[in-house]
Number of protein chains: 2
Amino acid sequence: MTSDTAAQPRDIEAAIFSAVDSCVTQWGWDKVTMDDICVTAGVSRATVYRLFPGGRDVLFEAVRLGKLEDFFTAMRANVEGSESLEDLLVRCIVVASSELQHDEHLAMMLATVPGETLGDLTVSGLGRIVRVATAFITPLTDEFIPADEAAHIVEVMCRLVISYYLSPSPTLDFANEDATRTFVRTFLLPNTSSVVVTQ
Amino acid sequence: MTSDTAAQPRDIEAAIFSAVDSCVTQWGWDKVTMDDICVTAGVSRATVYRLFPGGRDVLFEAVRLGKLEDFFTAMRANVEGSESLEDLLVRCIVVASSELQHDEHLAMMLATVPGETLGDLTVSGLGRIVRVATAFITPLTDEFIPADEAAHIVEVMCRLVISYYLSPSPTLDFANEDATRTFVRTFLLPNTSSVVVTQ
DNA sequence: GACACTAAGACAGAAACTGTCTCAATGTCA
DNA sequence: TGACATTGAGACAGTTTCTGTCTTAGTGTC
């Protein structure tokens with residue numbers, strides 16, 4: 001790094017995040033050491049610990065929060081301006097599924113309780129995904145249906161998204177908008193009181 | 001475990017070998033522990049150490065030797081009965097390339113010196129592959145061309161096989177016999193004195 | 001019932017990892 | 001130029017993990 005100009009802290013942080021990602025992809029959470037991350041990021045040990053005081057746990061938690069923030073930011077941006085419940089649900093499903101397919105660690109992040117050691121995606125974590133996602137999405141349905149109805153339908157939707165992510169179907173890809181729209185009309189909307197389904 | 005009849009030692013050995021393979025695929029040589037292997041093989045620690053006295057090094061060396069044996073056995077079986085130099089070279093290339101493509105760790109095994117820690121496939125290891133393969137194949141050419149000529153052409157062949165394995169070409173697959181035959185006629189046979197190339 | 005074999009796990013010593021620290025090198029800014 | 005900030009390199013102790021050996025109890029075979 002003789003010829004480099006001084007890197008900005010933000011760049012270094014990004015390099016470290018990216019290193020965590022590729023290290024975890026290569027070896028899994030359990031097997032990654034701080035040195036692996038340092039070497040991959042091309043950064044010294046001291047730098048990592050200075051940027052993330054508290055070490056491994058703090059770093060991994062930061063990565064987790066970063067991913068969740070990105071996820072929900074993408075959700076919010078894509079869902080904004082939905083003009084019908086159908087639209088809202090379709091967009092939620094498509095964005096969530098796309099994000100999940102795009103980032104192989106995201107599901108585990110969503111499923112992990114803060115402070116918990118990151119390992120494999122466990123069954124108990126699924127409930128957490130459902131709760132978090134339901135809590136995030138339900139308020140968005142306010143203008144279309146009553147809250148009590150929303151809670152139910154949103155939970156069903158979340159469960160379906162997770163199920164199709166964990167075990168993809170050859171006949172239905174939730175990242176595909178048209179297919180998802182048909183699915184929403186068939187399975188979700190009929191269960192709402194205040195929406196007329198037009199075919 | 002409870003309902004199983006007693007497993008034969010050979011079965012256990014095979015299970016351990018297979019566990020090494022899948023563990024290494026998952027985590028890489030450096031990150032695999034003996035416990036990983038035991039758990040994956042569904043076998044206790046004591047059993048592994050009894051079957052491979054000397055522990056980790058001995059086990060890994062056994063895996064290495066096993067793979068090399070399989071490789072050269074396959075080579076020998078497929079090359080036997082070649083009726084021309086062209087035939088011999090084509091078969092060598094096809095078998096070697098197929099085996100390499102089929103087993104992702106084989107190249108590293110070939111490249112590793114006995115006793116050396118198994119890590120990544122290093123550049124210095126390539127020379128070893130070339131030497132070993134050349135030493136194995138050259139004698140087989142005895143009946144077709146003089147030894148001094150063989151040494152040269154076989155080395156070129158080995159280098160090409162390795163190169164195409166490490167960096168596959170979209171236009172040529174050495175596992176394909178017809179394509180390989182054309183290649184051999186074009187690039188290898190013209191350099192021999194005693195063979196008439198027929199198009 | 002003797003025998004062979006294994007799982008489970010305790011154990012000490014070795015090795016690896018973590019987190020903190022110091023120091024020199026480098027780049028920035030006044 | 002000199003004060004300041006930031007980084008890389010690596011030493012360091014404490015902790016954790018891993019290794020290889022060993023003992024014990026359980027199971028199936030002859």
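Residue numbers begin at 1 in each chain, while the letters A, B, ... track the order of the sequences.
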### Query
Is there a ring-ring contact (aromatic ring centres under 6.0 Å, His included) between B:Phe71 and B:Phe136 once you walk through the steps?
CA-CA 11 Å; B:Phe71 176 70; B:Phe136 174 81; 7.8 Å; no
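Per the geometry, CD1 belonging to A:Ile12 stands 13 Å off P belonging to C:dG27, to the nearest Å. Between B:Leu59 atom CG and D:dT21 atom P there is a gap of 13 Å when expressed in whole angstrom units. Regarding A:Leu51, its CG atom lies at a distance of 10 Å from the P atom of D:dG8, rounded to whole Å. For B:Phe52 and D:dT19, the CZ to P distance is 15 Å, given to the nearest whole Å. With rounding to whole Å, B:Phe60 atom CZ is found 12 Å from D:dC18 atom C1'. Nucleotide C:dC5 holds its C1' atom 15 Å from the CD atom of B:Glu13, rounded to whole Å.
Relative orientation of the B:Phe183 and B:Tyr164 rings is perpendicular, given thresholds of 30° and 60° on the angle between their planes.
Salt bridge status for A:Glu155 with A:Arg159: present, with a side-chain N to carboxylate O gap under 4.0 Å. Under 4.0 Å is where a charged nitrogen must lie from a carboxylate oxygen, and between B:Asp36 and A:Lys31 at least one such pair does.
For the OP1/OP2 pair of C:dT6 and a distance below 4.0 Å, the side-chain nitrogens and oxygens of B:Ser44 include no atom meeting the criterion.
With axes fitted over five pairs at each extremity, the angle between the ends of the helix from C:dG1-D:dC30 to C:dA30-D:dT1 is 30° (10° resolution).
With hydrogens and angles left out, the side-chain atoms of A:Thr73 and A:Asp70 include no donor and acceptor closer than 3.5 Å.
By the criterion of side-chain heavy atoms lying less than 4.5 angstrom apart, applied directly or through intervening Ile, Leu, Val, Met, Phe, Trp or Tyr residues, B:Val39 is not grouped with A:Trp27; the two fall into different hydrophobic clusters. There is no path of hydrophobic side-chain contacts, each under 4.5 Å, that joins B:Phe17 to B:Leu65.
Listed for the B:Ser169 side chain is a donor-acceptor partner under 3.5 Å among the backbone atoms of B:Thr171.
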If you restrict it to nitrogen or oxygen atoms, what contacts under 3.5 Å exist between nucleotides 13-21 of chain C and the protein, and what is each distance?
unit_1 : atom_1 : unit_2  : atom_2 : d
C:dT18 : OP1    : A:Met34 : N      : 3.4
C:dT18 : OP1    : A:Arg56 : NH1    : 3.1
C:dT18 : OP2    : A:Met34 : N      : 2.9
C:dG19 : OP2    : A:Tyr49 : OH     : 3.1
C:dG19 : OP2    : A:Arg56 : N      : 2.9
C:dG19 : N7     : A:Arg45 : NH2    : 2.7

